[in-house]
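Hydrogens, waters and symmetry mates play no part in the numbers below; they use all other heavy atoms, side chains included. Letters go in sequence order (proteins before strands), and every chain restarts at 1.
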Number of protein chains: 2
Amino acid sequence: MAEKTRTPKSARTRAALLEAARELFAERGYVKVTVRDIAAKAGIDPAMVIRYFGSKDGIFADAAEFNLELPDLRGVARNSIGEALTRHFLSIWDSPDAGLPVLLRSASTNELANARMREIFNKQIRTALEAIAGPDEAEQRAGLVSSQLLGLAVCRYVLKLPPVVRMSKEQLVKTIGKTLQQYITGRLPR
Amino acid sequence: MAEKTRTPKSARTRAALLEAARELFAERGYVKVTVRDIAAKAGIDPAMVIRYFGSKDGIFADAAEFNLELPDLRGVARNSIGEALTRHFLSIWDSPDAGLPVLLRSASTNELANARMREIFNKQIRTALEAIAGPDEAEQRAGLVSSQLLGLAVCRYVLKLPPVVRMSKEQLVKTIGKTLQQYITGRLPR
DNA sequence: GTCTATAATTCGATAGAC
DNA sequence: GTCTATCGAATTATAGAC
């Protein structure tokens with residue numbers, strides 16, 4: 001054999017299982033997906049899921065893993081931050097292999113998903129905002145930003161409210177971005 | 001017996017089951033609550049749940065039933081509408097026997113809950129806004145309003161993000177109300 | 001009207017043959 | 001490395017005694 005095996009057989013089945021799991025978890029959420037569903041969708045034996053990932057929780061953890069990569073807000077014009085953040089998150093939600101849709105669907109039924117979401121929408125966004133605001137303010141502003149971003153995600157991807165689904169990405173960037181801008185640089189209530 | 005039976009025995013157990021179901025569904029969501037959990041919390045036999053409500057779906061449907069009672073916006077000063085709506089929903093989320101928290105927790109795992117939420121946050125809010133805007137505009141504005149209200153609910157009651165939980169009701173009314181006001185009477189993006 | 005006992009499924013996980 | 005067979009636990013729902 002002059003040619004090495006391109007991909008080990010096991011790595012291919014592992015990847016196939018992971019891809020199937022991501023799609024199903026993003027579609028139905030943690031509890032409505034069974035190990036058997038994942039295996040069937042990938043055309044692989046259910047026992048392989050346990051073999052490669054240890055448990056259902058194991059494959060969920062892997063499916064929900066991803067890097068958020070928030071942009072460094074110091075490189076953004078101060079009055080464009082709201083729109084930049086909105087555009088960034090809309091791109092993430094729409095990318096099909098991202099873990100964020102997986103988390104979104106499962107945050108109310110799976111502890112790991114709930115914890116990861118809390119980390120992203122509390123710690124990470126706050127950290128990003130600390131680049132342009134004091135640490136105390138940053139947390140409150142991050143909370144407000146999170147409420148609008150998460151609500152947008154729920155309406156557009158979980159509830160699929162017609163008017164929110166229908167709006168174009170650029171329309172949303174303008175409208176929601178303006179709100180975020182107010183939450184980030186506007187006056188906070190007493 | 002001079003005194004009639006105040007409440008039939010069956011009606012009391014039925015009511016006790018329903019109350020237990022509401023609390024549990026609001027706390028954990030549809031899938032994480034079993035018929036046995038409900039019965040145990042009410043101190044009643046699990047078989048009674050089926051007897052009185054037919055199925056787990058049956059008791060969930062009853063637990064999620066409620067009247068939204070949106071305020072008539074024509075009776076509100078035009079530039080106070082945002083705050084009025086915010087205050088109204090915050091009151092609903094906080095009232096423990098309301099069905100809205102039940103729906104919120106289960107919208108991602110239960111079809112009925114999902115459909116009811118869509119109806120409330122699309123049809124009902126849109127109808128309320130039609131009192132002060134044209135029907136075409138009203139739907140889009142209702143979508144934006146829904147995204148912010150739902151996001152607030154998710155952050156405060158499901159994810160329990162510390163800064164959002166910590167904010168007082170009046171702080172939220174001011175901040176979120178200002179956003180809703182913009183969505184309701186402000187300019188829409190092209 | 002209420003409870004005991006259990007039927008009927010479904011699921012995650014394991015053991016072991018190939 | 002993959003699949004067959006199955007276990008054990010949990011769940012909804014039913015049948016029938018009391």
Discussion item. Using the salt bridge (Lys or Arg N to Asp or Glu O under 4.0 Å) criterion, which residues pair with A:Glu130? Sequence neighbours excluded.
Written reply: A:Arg126

Worksheet item: With sequence neighbours excluded, what pairs up with B:Glu111 under the salt bridge (Lys or Arg N to Asp or Glu O under 4.0 Å) test?
Response: none

Worksheet entry | Atom of A:Arg105, atom of A:Ala26 and distance for their closest heavy-atom approach | CG-O, 3.0 Å

Fill in: Exercise: identify the closest heavy-atom pair between A:Ile176 and B:Ser147
CD1-OG, 4.2 Å

Worksheet item: Taking atom C1' of D:dC7 as reference, at what distance in whole Å does atom CZ of A:Arg36 sit?
Response: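 Result: 11 Å.
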
Mind checking side-chain hydrogen bond (donor to acceptor under 3.5 Å, both in side chains) for [X] and listing every partner two or more places apart, or none if nothing turns up?
X        : result
A:Thr13  : none
B:Thr179 : A:Tyr183
A:Arg74  : A:Asp72

Worksheet item: Got A:Leu85 and A:Gln181 here, is their nearest side-chain heavy-atom distance under 4.5 Å?
Response: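 Not in contact.
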
Discussion item. Going 5' to 3' along DNA chain C, which are the first and last nucleotides with any atom under 4.0 Å from a heavy atom of chain B?
Written reply: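 Taking any atom under 4.0 Å from a heavy atom of chain B, the span is C:dG1 to C:dT4.
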
Discussion item. Just to be sure I understand the geometry, which residues of residues 42-51 of chain A put a non-hydrogen atom under 4.0 Å away from DNA chain D?
Written reply: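 Per residue number, the list reads A:Asp45, A:Ala47, A:Met48, A:Arg51.
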
Worksheet entry | Any residue of residues 104-111 of chain A with a heavy atom less than 4.0 Å from an atom of DNA chain D |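 Contacts with DNA chain D under 4.0 Å: none.
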
Worksheet item: Please, which pairs that meet ring-ring contact (aromatic ring centres under 6.0 Å, His included) have at least one residue in residues 127-150 of chain A, sequence neighbours excluded?
Response: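 Residue pairs with at least one partner in residues 127-150 of chain A: there are none.
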
Fill in: Listed once per pair and sorted, the ring-ring contact (aromatic ring centres under 6.0 Å, His included) pairs that draw on residues 31-56 of chain A, sequence neighbours left out
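Sorted result for residues 31-56 of chain A: empty, none.
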
Worksheet item: What are the residues of residues 53-64 of chain A, sorted by number, that bring a heavy atom to within less than 4.0 Å of DNA chain C?
Response: A:Ser55, A:Lys56

Practice prompt. Look at atom NZ of A:Lys123 and say whether more than 12 heavy atoms of other residues, nucleotides or ligands are closer to it than 6.0 Å.
Written response: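 Result for NZ/A:Lys123: open.
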
Worksheet entry | Sequence neighbours excluded, every pair satisfying side-chain hydrogen bond (donor to acceptor under 3.5 Å, both in side chains) that has a member inside residues 56-67 of chain B |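 Only B:Arg14-B:Asp62, B:Tyr30-B:Asp57 qualify under side-chain hydrogen bond (donor to acceptor under 3.5 Å, both in side chains).
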
